[in-house]
Amino acid sequence: MLVKSAEFVCSNTQVDKLPDPNLPEYAFIGRSNVGKSSLINALTNKKGLAKTSQKPGKTQLINHFIINNDWYLVDLPGYGYAQTSKKNRADWEKFIRKYLLSRENLQCIFVLIDSRLEPQKIDLEFCCWLGERGLPFMLIFTKADKQSGVKSDQNVAKFKRALLKWFEEVPHRFVTSSETRLGVDEVLHKIDEINNGFSTPTSVGE
Ligand code: GTP
Ligand code: MG
């Protein structure tokens, strides 16, 4: 898929103020600093579209971007940010989980995982939470430019093995780098495929 346009639409903490759910939507989620915003900029080929930072905790809201006037891409705040207060963490839980559970046009949740790390409990638990609720998700391993391909593949395999303790089948996996654009076209291709099968929620049963 060619990204011809990518525009910021709005930022929200309230689920009832989100844009109409009339277009397919894809959310990017994962630990703070894993590279969500950077990947969104790589996918759209627009540096600075989603705000990035070396300091974790940069993205605080539900940020909607519209791509090709045809689908929504959503940048979410990261989980597991140690410097955040308990109250902030509880707020994150509440509004992000509410968003994930209630957004009817959400086609796929891309869970981003740092390819340099051994499987982390917080990521596995989050995947289980999604799986238990039947929410569709795929895994994107980030920052693959920071080490050898072999090392990334090893960590992907370990994560897969860990998930197989809970899942019969492991969701689709991508290995990416926002620096080298590794895997970026594959993610866009998958989104294109899902978009082609999308029908507006309101039109179902009409
Ligand atoms: P929060 O919004 O705080 O949750 O973080 P985030 O997940 O959006 O991470 P962000 O995209 O802001 O990136 C965090 C840091 O990692 C920045 O310094 C990025 O430049 C760096 N980074 C992100 N992706 C990559 C990558 O693929 N390769 C390399 N080398 N650095 C990356
Ligand atoms: Mg961010």
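In listed order, ligands and their atoms are each counted from 1.
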Task: Location of contacts on Asp145 toward ligand 1, heavy atoms closer than 4.0 Å - done: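 It is the side chain that gets close, since no backbone atom is under 4.0 Å.
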I want to know if ligand 1 touches [X] in the polar sense, i.e. an N/O pair below 3.5 angstrom.
X: Lys51; value: no
X: Ala144; value: no
X: Lys146; value: no
X: Ser38; value: yes

TODO: Verify the distance test for Ser37 against the Mg ion (ligand 2): any N/O/S atom under 2.8 Å, yes or no.
DONE: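 It does: Ser37 brings an N, O or S atom closer than 2.8 Å to the Mg ion (ligand 2).
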Atoms of ligand 1 less than 4.0 Å from [X] heavy atoms?
X: Lys36; result: 1 (P), 4 (O), 5 (O), 6 (P), 7 (O), 8 (O), 9 (O), 11 (O)
X: Asn33; result: 1 (P), 3 (O), 4 (O), 5 (O), 6 (P), 7 (O), 9 (O), 14 (C), 15 (C)
X: Gly78; result: 4 (O)
X: Ser177; result: 27 (O)

Open item on the list: Quick check: closest heavy atoms across Asp70 and Ile66, and the distance to 0.1 Å?
Closed with: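 That would be N-CG1, 4.2 Å.
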- [ ] Just say parallel, tilted or perpendicular for the rings of Phe126 and Tyr79, cut-offs at 30° and 60°.
- [x]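 Tilted, since the angle between the ring planes falls between 30° and 60°.
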Task: Qualifying residue, where the test is ring pair (Phe, Tyr, Trp, His ring centres under 6.0 Å) with Tyr26 and the options are Phe198, Trp71, Phe137, Phe65 - done: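 Running ring pair (Phe, Tyr, Trp, His ring centres under 6.0 Å) over Phe198, Trp71, Phe137, Phe65 with Tyr26 returns exactly one hit, Trp71.
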